[in-house]
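Written out below as structure tokens is the structure these notes cover.
When reading the values below, keep in mind they use all heavy atoms of this one structure, side chains included, and skip hydrogens, waters and symmetry mates. Everything numeric in this text was worked out from a predicted model, so none of it was measured. A, B, ... follow the sequence lines: proteins, then strands. Residue 1 opens every chain.
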Amino acid sequence: MSNAIKPEEVSEILRKQFAEFQTTPATYEVGTVLSVGDGIARVHGLAGVRASELVQFECGLMGLAMNLEEDNVGIAIFGEDKEVCQGMTVKRTEKIASVPVGEALLGRIVDALGQPIDGRGPIVTPHSRPVEFKAPGIMDRKSVHEPMQTGIKVIDGLTPVGRGQRELIIGDRKTGKTTLAIDTIINQKGNGVKCFYVAVGQKRSTVVQVYETLKKYGAMEYTTIIAATASDPAPMQFLACYAGTAMAEYFTYKGAPALGGGNEPKGEHALIIYDDLTKQSQAYRQLALLLRRPPGREAFPGDVFYTHSRLLERSVKLSDDNGAGSLTALPVIETQANDVSAYIPTNVISITDGQIFLESDLFNSGLRPAINAGLSVSRVGGAAQTRAMKSTAGTMRLDLAQYRELAAFSQFASDLDPATRAQLEKGRRLTEICKQGVNKPLSVVEQVCQIYAGTNDFLKEVPVKDVVRYCDELSTELRSGKFKDFAAKFNPEDKAFAEGVKATVADFTKSFLLTVAK
Amino acid sequence: MQNQKAAKRYAGTFFQIALEQGQQDTVRGGLQSVAAACAGSAELREVLRSPVISSDRRQAMLRAAFSGLDKLSLELVLFLASKGRADSLAALCEEYEVLWCERAGVAKVTVTSADALSQTELATLQERLAVRLGKKVELSTAVDSSLIAGFRARAGDQVFDYSTRTQLEQLRQRLTHA
């Protein structure tokens with residue numbers, strides 16, 4: 001019992017605490033609750049309160065000053081408004097809303113205020129950051145140039161994401177949006193990227209599922225889940241995204257003392273997923289309407305664009321002077337019946353650096369992930385793609401586009417010339433290559449080999465139904481089979497990468513065709 | 001809310017008129033007694049509020065009830081009633097008081113203490129608060145034994161808290177969150 005508690009030591013610590021404690025008179029400003037309802041309190045007084053300052057109610061609940069009006073202050077309550085009553089005093093805290101940040105948060109589930117909700121004890125960290133933070137300026141940034149590998153063939157091949165990019169995941173319900181995000185988190189294992197999953201307005205059971213999945217693949221070690229579920233009040237759902245970003249920024253700004261970050265030589269890389277911004281904007285709409293701000297299109301307040309733009313503008317690739325850290329964002333938007341021209345989807349599409357479109361038709365036809373390769377784009381990711389992937393997947397988009405056109409056309413034609421038929425066959429196989437299992441992210445070498453086989457006609461002899469098996473077996477061989485050494489030595493930036501890939505794919509195809517012949 | 005806004009406007013104008021006639025202090029006294037009457041008499045509040053009573057009748061009743069008021073105050077009260085704003089009377093008195101205090105450089109401070117304070121203690125307190133606030137101080141007192149010891153002074157929205165309860169609370173916060 002080396003760490004037994006010694007009573008005299010405890011007494012000594014307490015005595016010291018008491019001795020150090022000076023009875024400083026508390027001077028503070030107060031107001032009185034005029035009315036309360038729907039999570040909003042109107043308060044008289046608090047003359048000096050600042051916008052988005054935290055206030056404390058007599059009952060201990062916290063609130064956020066949102067509307068500063070001539071004769072009252074509109075306050076969003078973080079918690080059950082039943083505890084707040086008319087005439088209660090409200091105290092200014094003179095603090096802007098901030099959350100605890102740091103390494104201690106990794107592996108935890110917290111709420112929008114950074115309080116743990118996973119029942120694993122308090123989070124002890126000396127650091128905190130304000131939830132609202134001004135995005136860094138132009139000179140503090142650098143253009144996106146390193147890849148953020150999602151581990152999903154179609155994304156890394158066709159719409160690559162770079163570190164510091166904002167890539168929107170958009171689609172109807174049940175099209176695999178969250179799965180894409182979770183796979184991306186799982187794929188960050190071992191490469192030092194810290195992940196933050198912000199669940200807004202979801203069911204608690206869904207959050208538990210996500211947690212279990214991440215834990216199963218060992219991804220919780222570097223991940224924090226920020227959960228503002230459907231049962232949490234609207235202010236929490238609104239704030240969760242900003243709180244999550246603050247937690248991620250701690251790592252990004254580690255090497256940027258000039259921007260209020262840490263003093264370390266280098267910044268780290270972080271990935272944040274906002275799942276989803278549709279719910280967040282709905283929570284904000286609720287707040288704004290209850291605060292009697294004038295409604296605009298679809299009853300959203302006038303500044304709903306700004307709430308998203310200032311959030312996503314915080315995603316950044318910092319310059320070398322600032323430690324070269326990065327924050328990549330994957331916001332998620334849920335559409336209704338594939339309608340991307342609704343208010344929030346168009347807003348977020350215009351803010352982000354590209355989007356990944358998921359379609360339920362594709363999903364139901366068995367193409368999973370159900371990514372529409374034609375409509376998905378990445379505006380900056382090309383600069384962040386590895387050399388090997390860029391040259392391998394370069395023609396894939398074109399091939400797929402031509403295939404779609406021909407496929408529609410060939411339905412009317414009875415006999416086709418050999419060139420057209422070859423193109424159709426190739427397209428069919430490429431489409432099969434795009435398929436990928438759930439929670440099975442692939443390494444760069446696996447992706448390159450599979451796509452290489454597709455675009456360079458190695459699959460000509462392979463029946464379409466066997467392409468998925470071909471990909472799986474190729475992956476297995478690269479991971480632990482006879483191409484293990486090749487995979488280990490593979491350098492995606494090597495100019496002469498193609499020779500090795502070609503030999504490997506040819507070798508594998510030869511042996512694979514033998515199994516098909518049987 | 002609507003009443004409050006109207007009361008603010010009327011109070012501003014009334015104060016301006018009283019100021020022009022140099023009677024702001026007299027009117028203040030008058031309105032203070034009106035406010036006291038409003039607070040003390042449920043019947044008066046009913047008369048001010050009730051839609052059943054006609055405007056003329058209400059004015060006659062007010063004239064009779066406030067006959068002891070100075071001329072200007074009475075005129076102002078009757079004017080308010082003639083505009084159908086009689087229900088804002090109490091709010092108006094409050095707003096007038098705020099304006100008067102601002103003009104006269106007076107701060108109204110409520111001192112809540114754990115035990116009743118002696119006259120000398122109050123005098124010292126008044127002096128200290130006057131220095132701190134840079135204004136003349138009008139004290140009102142209250143006793144709240146839950147403060148344990150010490151006192152808490154509130155001037156407008158500003159609170160100076162010297163109570164043992166708050167200090168214990170601070171200590172608790174420090175011990176549990178340190």
Exercise for review: Output all residues satisfying side-chain contact (heavy atoms from CB on, under 4.5 Å) with B:Lys136, sequence neighbours left out; order by chain, then residue number.
Suggested key: B:Val106

Practice item. Taking side-chain contact (heavy atoms from CB on, under 4.5 Å) as the test, write out the residues that go with B:Leu19, two or more places apart. Key: B:Phe15, B:Gln16, B:Gln24, B:Arg103

Check your understanding: Who wins among B:Thr164, B:Leu171, B:Thr166 for the most heavy-atom pairs under 4.5 Å with chain A?
Key -> B:Leu171

Check your understanding: When you look at CD of B:Gln119, are more than 12 heavy atoms from neighbouring residues, nucleotides or ligands closer to it than 6.0 Å?
Key -> no

Point to revise | A:Arg108 side-chain N/O to A:Ile226 backbone N/O, donor-acceptor pair under 3.5 Å | key: no

Study note, to complete from the structure: Contact list (residues 144-157 of chain B to chain A, heavy-atom gap under 4.5 Å, by number) returns B:Arg152, B:Arg154, B:Asp157

Side-chain donor-acceptor contacts of residues 239-249 of chain A below 3.5 Å, not counting sequence neighbours, with atom names and distances?
from, atom 1, to, atom 2, distance (Å)
A:Tyr242, OH, A:Thr307, O, 2.7
A:Thr245, OG1, A:Cys241, O, 2.6
A:Thr245, OG1, A:Tyr274, OH, 2.8
A:Glu249, OE1, A:Arg314, NH2, 3.0
A:Glu249, OE2, A:Arg314, NE, 2.9

**Study point:** Sidechain-backbone polar pair: B:Ser41 side chain, B:Ala37 backbone, donor-acceptor under 3.5 Å
**Key:** no

